[in-house]
Amino acid sequence: METKQFKAESKRLLDLMINSIYTHREIFLRELISNASDAIDKLYYRALNEGISGLSRDDFEIDINIDKDARTLTISDNGCGMTYDELENNLGTIANSGSLKFKQENTKDEKNENDDIDIIGQFGVGFYSAFMVSADVTVISKAYSSDEAWRWHSEGVDGYTIEPAQKDGHGTTIILKIKDNTDEENYDEFLDSYRIQGLVKKYSDYIRYPIKMPVTKSRVKNEPKDENSAPEYENYTEIETLNSMVPIWKKAKSEVTQDDYNRFYKDKFFDFEDPIKVIHSSTEGTSTYNALLFIPSHAPYNYYTREYEKGLQLYASGVMIMEKCADLLPDYFSFVKGLVDSQDLSLNISREMLQHDRQLKIIASRLEKKIKSELLQMLRSDREKYEQFYKAFGLQLKYGLYSDYGMHKDVLSDLVMFISSFDKKYVTLEEYVSRMKEEQKYIYFISAETIERAEHLPQTELLKEKGYEVLYLTDDVDEFALQMLGTYNEKQFKNAASGDLELESEDEKKENEKLAEENKELLDAMKEALDGLVVSVKLSTRLKTHPVCLSSEGEISIEMEKVLNSMPTDQKVQAQRVLEINASHPVFAKLSELAKTDKEKLKVYSELLYDQALLIEGLPLRDPVEFSNRMCELMK
Ligand code: ADP
């Protein structure tokens with residue numbers, strides 16, 4: 001019998017498969033099953049179009065058989081089958097396969113083993129992937145309406161043979177002789193029915209035709225005779241359908257219960273809690289797809305770490321082609337789990353090609369809008385739920401505001417919330433603006449480690465007296481996010497601890513300027529005493545009862561300084577600090593007096609006040625021992 005040679009390029013790919021060190025060999029099963037399903041599709045549509053009678057949809061199936069002794073795994077279908085020429089053309093060459101074309105275009109440079117591995121992963125290279133796990137492969141096929149059957153056989157790169165064979169019905173049977181285990185590799189797993197069941201569930205659950213396999217089970221043969229003896233068991237074999245066939249996302253919403261969704265989610269995405277939101281949508285038109293998305297009710301333990309990988313499962317016409325397609329989700333919605341199934345995507349599309357795929361971009365942008373609108377709806381109709389969501393993932397939304405130079409503010413500014421000084425509850429920016437006082441110019445905020453601390457910061461005293469709401473920021477990213485946002489509804493954000501709050505009337509302003517002029521000598525003396533620690537000492541326009549506070553001038557606030565300097569870079573920044581004194585506090589009178597009588601004491605008092613301001617701010621004292629000594633000195 002003549003041994004035929006594979007076409008050169010097929011040989012290369014085959015070589016790649018046989019010697020592959022690719023770890024996801026298991027995908028071969030997905031490839032063979034999806035070929036089988038395609039073959040059934042072909043015949044089924046031919047039957048529909050040509051009006052062939054006697055072919056019922058219900059008769060189609062894919063069978064899997066394991067023979068451990070012979071080390072064979074067999075996959076059969078009763079689809080269209082292949083003629084001699086088709087066997088020759090389809091399995092002797094893969095020139096038609098998109099994967100190889102891509103490979104040729106991309107391997108003009110030197111051959112790189114890693115590229116090869118990537119290609120296997122990305123394409124799943126079809127029929128030849130069988131050689132990743134097989135010592136030899138036999139294909140017995142009989143084309144529909146032909147009475148000849150053929151046996152194709154190959155042990156790899158050396159070529160293949162085709163000879164006449166016997167086969168009852170039409171269709172294709174593929175027999176894989178599974179490789180022997182090696183020191184490094186375990187191939188026996190592909191002869192384990194439990195493992196095969198798992199692989200079918202994982203990759204091919206939604207194939208539209210039943211995938212059947214004999215499964216050995218155990219049952220009680222004889223009930224125990226008495227309490228002390230065990231029952232007698234016996235094994236029996238039952239043909240089981242391994243796949244569920246109709247994917248939940250293809251079902252009408254009315255057919256699926258909340259419980260179904262929840263179970264599916266927990267099963268598929270390994271969560272122990274129900275999702276907080278299920279988004280099930282299907283669209284037709286410029287792109288046709290079904291999407292089933294879930295918002296988890298809590299952040300995964302590794303969510304805010306580098307290990308966390310975002311992405312949705314991607315299916316092409318019911319066949320999973322990618323476990324985590326990152327391009328389908330923007331970073332700020334990276335918490336979303338789920339899947340997309342589209343008939344507009346090709347099964348063999350590579351990761352690189354996907355990134356530029358127009359359909360995928362359209363889908364991604366629709367999903368983004370959908371997620372946003374669902375979140376907004378949750379915010380409006382179920383506040384409690386939204387707050388639970390926000391506690392888990394709000395931080396990510398705020399990172400989103402800040403990232404990419406604020407490019408996503410339109411999507412995100414309505415979704416973020418901060419704690420309000422009014423009731424210590426979450427407030428959205430929209431709500432804040434809607435309840436601003438008539439004369440109020442700005443959206444005020446203040447940063448602190450905790451809400452309790454923010455609550456006691458003296459810088460907001462006057463704001464609060466005027467009845468203005470203040471946003472309490474407690475996450476590192478908050479100020480940066482608001483700075484990136486710049487305005488909301490044309491209202492500017494203003495840090496209550498920075499710059500001029502513009503709270504005074506014209507008259508008050510004049511009054512203050514006059515007072516500052518009168519006390520110029522004192523303020524200058526204090527600044528000098530604080531030698532370089534502050535850029536100026538000022539009469540405060542934000543304090544009411546407290547004697548002092550720190551504020552800042554310019555772009556960088558004291559909070560930003562803290563955050564930036566805690567990052568592992570050499571570059572340190574310094575906020576321009578201002579020590580503010582409350583002119584109506586009794587301490588001020590004392591300072592005025594000292595300015596005239598005791599410059600030395602004024603210096604000590606200035607430093608003490610500065611240290612107090614640091615303490616209030618939650619900043620470390622320059623010298624805590626010195627500070628406490630001075631306090632004791634005063635007490636004596
Ligand atoms: P692809 O499926 O991407 O075209 P494959 O290498 O997996 O590439 O398969 C090559 C061709 O062989 C298929 O296009 C199909 O025509 C044929 N083929 C493979 N498996 C079967 C099968 N079970 N029944 C009929 N034809 C098949």
Side-chain angles (χ1 to χ4, degrees), residues 6-7 9-18 20 25 27-47 55 60-65 73-104 119-134 137-146 148-154 156 160 162 165 167 169-176 203-204 207-209 211-212 316-321 345-350 353:
F6 286 104
K7 298 262 161 55
E9 61 274 23
S10 306
K11 210 168 152 174
R12 252 177 74 205
L13 188 58
L14 205 55
D15 193 40
L16 193 80
M17 290 297 137
I18 294 164
S20 143
R25 297 202 171 88
I27 56 132
F28 81 92
L29 190 63
R30 171 191 89 179
E31 296 296 308
L32 297 184
I33 289 175
S34 105
N35 278 352
S37 167
D38 289 348
I40 296 176
D41 273 347
K42 268 184 214 159
L43 181 57
Y44 181 57
Y45 289 117
R46 221 178 102 191
L55 278 179
F60 291 121
E61 64 181 63
I62 298 163
D63 294 309
I64 300 181
N65 269 287
L73 176 66
T74 304
I75 296 119
S76 331
D77 65 72
N78 51 1
C80 61
M82 284 177 272
T83 62
Y84 180 94
D85 287 347
E86 283 168 337
L87 274 172
E88 168 95 48
N89 291 331
N90 294 340
L91 305 187
T93 168
I94 51 154
N96 292 331
S97 167
S99 45
L100 192 78
K101 274 188 209 134
F102 174 81
K103 187 171 159 53
Q104 282 165 339
I119 283 161
I120 303 171
Q122 287 155 16
F123 295 105
V125 288
F127 172 73
Y128 284 178
S129 61
F131 284 94
M132 291 196 289
V133 300
S134 315
V137 177
T138 306
V139 179
I140 299 167
S141 198
K142 188 176 186 180
Y144 180 76
S145 74
S146 162
E148 294 173 336
W150 296 96
R151 179 179 184 273
W152 181 100
H153 179 82
S154 171
Y160 60 92
I162 303 180
K167 189 179 185 317
H170 53 87
T172 303
T173 296
I174 298 180
I175 305 157
L176 310 179
Y203 293 111
S204 314
I207 291 287
R208 289 178 293 267
Y209 308 101
I211 303 168
K212 296 182 179 175
S317 308
V319 180
M320 190 172 83
I321 57 172
L345 296 168
S346 130
L347 187 60
N348 279 330
I349 194 160
S350 77
M353 284 151 101

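Just so you know, ligand 1 is whichever comes first in the structure, and atom 1 is the first atom listed for that ligand.
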Aromatic rings W152 and F127: how do their planes relate, parallel, tilted or perpendicular, breaks at 30° and 60°?
-> perpendicular
Would you indicate whether the side-chain heavy atoms of N90 and M82 approach each other to under 4.5 Å?
-> yes
Sub-3.5 Å N/O-N/O distance, T172 and ligand 1 = yes
Have a look at ligand 1 and work out which part of D77, if any, has a heavy atom under 4.0 Å from it: side chain, backbone, both or neither.
-> side chain
So, the side chain of K142 versus the backbone of E148: is there a donor-acceptor pair under 3.5 Å, distance only?
-> no
Would one find an N or O of F127, backbone or side chain, under 3.5 Å from an N or O of ligand 1?
-> yes
Where ligand 1 meets A39 - atom numbers and elements under 4.0 angstrom, heavy-atom basis = 22 (C), 24 (N), 25 (C)
How about I211 and D63: do any of their side-chain heavy atoms sit closer than 4.5 Å?
-> no
Atom 26 (N) of ligand 1: of M82, K42, E31, the nearest heavy atom sits on M82
Closest to atom 2 (O) of ligand 1 (heavy atoms only, candidates N35, L43, N78) is N35
Is H170 reaching over with its side chain to a backbone N or O of G79, donor-acceptor style, under 3.5 angstrom?
-> yes
